Amino acid sequence: MNNHLLSLADFSQKDLQSIIDRSRTLKKERGQGIRHQQLAGRAICLLFEKPSTRTRVSFEAAMYGLGGQVIFMSAKESQLGRGEPLKDTARVLSRYVDAIVVRTFGQEVVEELARYATVPVINALTDLHHPCQVLSDLMTVLEYKGTLEQTKAAWIGDGNNMANSWIEAASVFGFPLALACPVGFEPDARILAQARERSSSPIIVCNDPVEAIANAEVVNVDVWASMGQEDEQEERQEVFRNFQLDADLLAKAAEDAIVLHCLPAHRGEEITDDVLEGSQSVVFDQAENKMHIHAALLEHFMLTAR
């Protein structure tokens, strides 16, 4: 298995399933009051160029829960904001910590850090991929559906980093996926082509939410304007207005469909309040599962993969 987590496509189904299985075990044990210390004496650096609530706190809680320590650095607190070469940052931090968790803009940042780091680099979000989040999404699906095989998932909205990682997940696990995106806002074409070559089930991209959501057992949405796109907010609200997940659209999914959202949600935009608060919404279980997935990832990359 790779020593870094940059995207889901770099791993086999067996690899990712093992991490998800471990996260479910850690979640169960936490609920039983079992505490772990397998990362005692180890430290990670959270190197974040983008702000975060859930990702930061869930990684910190996961690391502390395994007995380890956390050093948090924003871009303005590090030399990244002052132009230090990434290769220098990677090699220096590798002397100080046992893993680097990065939340940034360009995918090239995590790739270069991984190229020069001698400790694991974990992609906690880039503009192209969001692998940790989608692993927690898959964990949630397994909790509610029991399987990923032949479980149809639908993505409604922007073809963003989340959509790209869902496409890669579908190709690795072989479940059918339909994405509805406005014209001009489709997922990355290269990622889509590579995923279709690998996948044993169809990965469909269309421009009609009704077509995508038909009979879906998992329905996933995200904000219409991600971080760094705030100046496009007004334009995107007009482009995406027919892609809102409301009760009428959700009714076209399978009767027992679950609703996912990585949060934060803009209620009344990409999802209505009644759907987010409804009986089919599992978004807060999904948010909790980030912590358990992160614990499994830290344990794996710091103890097993090396």
Side-chain angles (χ1 to χ4, degrees), residues 1-12 15-16 18-20 22-23 38-39 41-52 54-64 66 68-75 77-136 161-162 164-165 168-169 172 188 191 227 290-306:
M1 185 185 286
N2 292 310
N3 289 334
H4 308 288
L5 175 58
L6 305 184
S7 73
L8 297 181
D10 297 332
F11 297 86
S12 69
D15 293 336
L16 297 182
S18 175
I19 290 169
I20 294 172
R22 180 57 178 161
S23 70
Q38 55 264 52
L39 296 185
R42 297 173 186 262
I44 62 171
C45 177
L46 300 185
L47 190 59
F48 281 26
E49 291 191 278
K50 283 189 172 185
S52 167
R54 279 151 292 275
T55 300
R56 175 180 175 177
V57 175
S58 58
F59 261 112
E60 290 192 357
M63 187 61 176
Y64 290 134
L66 296 174
Q69 301 295 315
V70 179
I71 300 169
F72 177 82
M73 297 183 68
S74 66
E77 295 168 330
S78 73
Q79 292 297 329
L80 286 182
R82 300 180 179 88
E84 180 178 36
L86 289 170
K87 60 184 179 181
D88 293 356
T89 298
R91 289 178 289 192
V92 169
L93 289 181
S94 295
R95 307 291 182 100
Y96 298 154
V97 298
D98 299 285
I100 305 169
V101 180
V102 187
R103 184 176 172 93
T104 186
F105 292 90
Q107 180 69 15
E108 68 278 2
V109 173
V110 294
E111 290 177 355
E112 185 165 358
L113 287 170
R115 189 175 303 120
Y116 289 96
T118 56
V119 298
V121 172
I122 296 174
N123 179 359
L125 177 142
T126 66
D127 289 345
L128 192 62
H129 295 288
H130 203 349
C132 296
Q133 176 64 58
V134 173
L135 283 175
S136 64
N161 51 3
M162 282 288 295
N164 291 334
S165 288
E168 292 192 338
V172 173
D188 184 88
I191 291 173
M227 281 178 287
K290 287 171 68 73
M291 177 178 64
H292 305 300
I293 278 289
H294 293 165
L297 287 169
L298 291 170
E299 180 187 74
H300 173 80
F301 283 103
M302 296 171 71
L303 296 181
T304 306
R306 309 290 309 164

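Counting begins at 1 with the first residue of the sequence. Reckoned from all heavy atoms, side chains included, excluding hydrogens, waters and symmetry mates. No experiment lies behind these values; they were computed from the predicted model shown.
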Handout entry: Test item: Leu113 and Thr104 side chains (from C-beta on) under 4.5 Å apart, heavy atoms
Key = no
Handout entry: Non-hydrogen side-chain atoms of Tyr64 and Val70 separated by less than 4.5 Å
Key = yes
Problem - Distance in Å, Cys132 SG paired with Leu5 CG, rounded so as to fall on 0.5 Å steps - result: 5.0 Å
Practice task
Kindly give the heavy-atom pair with the smallest separation between Met63 and Arg42, and that separation in Å.
Solution key: CE-O, 3.5 Å
Practice task
Mind listing the closest non-hydrogen atom pair of Ile293 and Ser23 along with its distance?
Solution key: CD1-OG, 3.5 Å
Handout entry: Student check: side-chain heavy atoms of Asn161 and Leu128 closer than 4.5 Å
Key = no
Practice task
Of all the heavy-atom pairs spanning Thr89 and Glu84, show the shortest one and how long it is.
Solution key: OG1-OE1, 3.1 Å
Handout entry: Test item: Gln38 and Met302 side chains (from C-beta on) under 4.5 Å apart, heavy atoms
Key = no
Exercise for the section: Check for a donor-acceptor pair, side chain of Asn2 on one end and backbone N or O of Asp10 on the other, with a separation under 3.5 Å. Expected result: yes
Problem - side chain to side chain contact (heavy atoms under 4.5 Å, CB included) partner of Leu8, the single match among Leu135, Asp15, Asn123 - result: Leu135
Problem - Check against salt bridge (charged side-chain N to carboxylate O under 4.0 Å, His left out), Lys87 and Glu112 - result: CA-CA 7 Å; Lys87 60 184 179 181; Glu112 185 165 358; over 6 Å; no
Problem - Heavy-atom neighbours of Phe72 CZ exceed 12 at 6.0 Å - result: yes
Exercise for the section: Would you check if the side chain of Glu168 reaches a backbone N or O of Ala9 as a donor-acceptor pair within less than 3.5 Å? Expected result: yes
Problem - Separation between CD1 of Ile100 and NE2 of His4, rounded to the nearest 0.5 Å - result: 9.0 Å
Problem - Straight-line distance of Ile19 CD1 to Glu299 CD, nearest 0.5 Å - result: 10.5 Å
Handout entry: Flag side-chain contact, heavy atom, 4.5 Å: Leu47 against Leu93
Key = yes
Handout entry: Atom pair NE2/OG of His300 and Ser18 - distance to nearest 0.5 Å
Key = 7.0 Å
Exercise for the section: Work out which heavy atom in Leu16 is nearest to a heavy atom in Val172; give both atom names and the distance. Expected result: CD1-CG1, 3.9 Å
Exercise for the section: Look up atom CG in Leu297 and atom OG1 in Thr304, then write down how far apart they are to the nearest 0.5 Å. Expected result: 11.0 Å
Problem - Sidechain-backbone polar pair: Ser165 side chain, His130 backbone, donor-acceptor under 3.5 Å - result: yes
Problem - Derivation of the side chain to side chain contact (heavy atoms under 4.5 Å, CB included) call for Ile44 and Leu298 - result: CA-CA 9 Å; Ile44 62 171; Leu298 291 170; 4.0 Å; yes
Practice task
Compare every heavy atom of Ala124 with every heavy atom of Val101, then report the nearest pair and how far apart it is.
Solution key: CG1-CB, 3.6 Å
Problem - Heavy-atom side-chain contact between Asn3 and Pro120 under 4.5 Å - result: no
Exercise for the section: May I have the step-by-step check of side chain to side chain contact (heavy atoms under 4.5 Å, CB included) for Glu49 and Ser74, ending in yes or no? Expected result: CA-CA 6 Å; Glu49 291 191 278; Ser74 66; over 6 Å; no
Show me, pair by pair, the donor-acceptor contacts under 3.5 angstrom made by side chains of residues 55-62, not counting sequence neighbours?
unit_1: Thr55; atom_1: OG1; unit_2: Arg103; atom_2: NH1; d: 3.1
unit_1: Thr55; atom_1: OG1; unit_2: Lys290; atom_2: NZ; d: 3.3
unit_1: Arg56; atom_1: NE; unit_2: Glu60; atom_2: OE2; d: 3.0
unit_1: Ser58; atom_1: OG; unit_2: Arg54; atom_2: O; d: 2.5
unit_1: Ser58; atom_1: OG; unit_2: Thr55; atom_2: O; d: 3.2
unit_1: Ser58; atom_1: OG; unit_2: His294; atom_2: ND1; d: 3.0

Exercise for the section: Provide the closest heavy-atom pair for Ala169 versus Val134 in the form atom of the first, atom of the second, distance. Expected result: CB-CG1, 3.9 Å
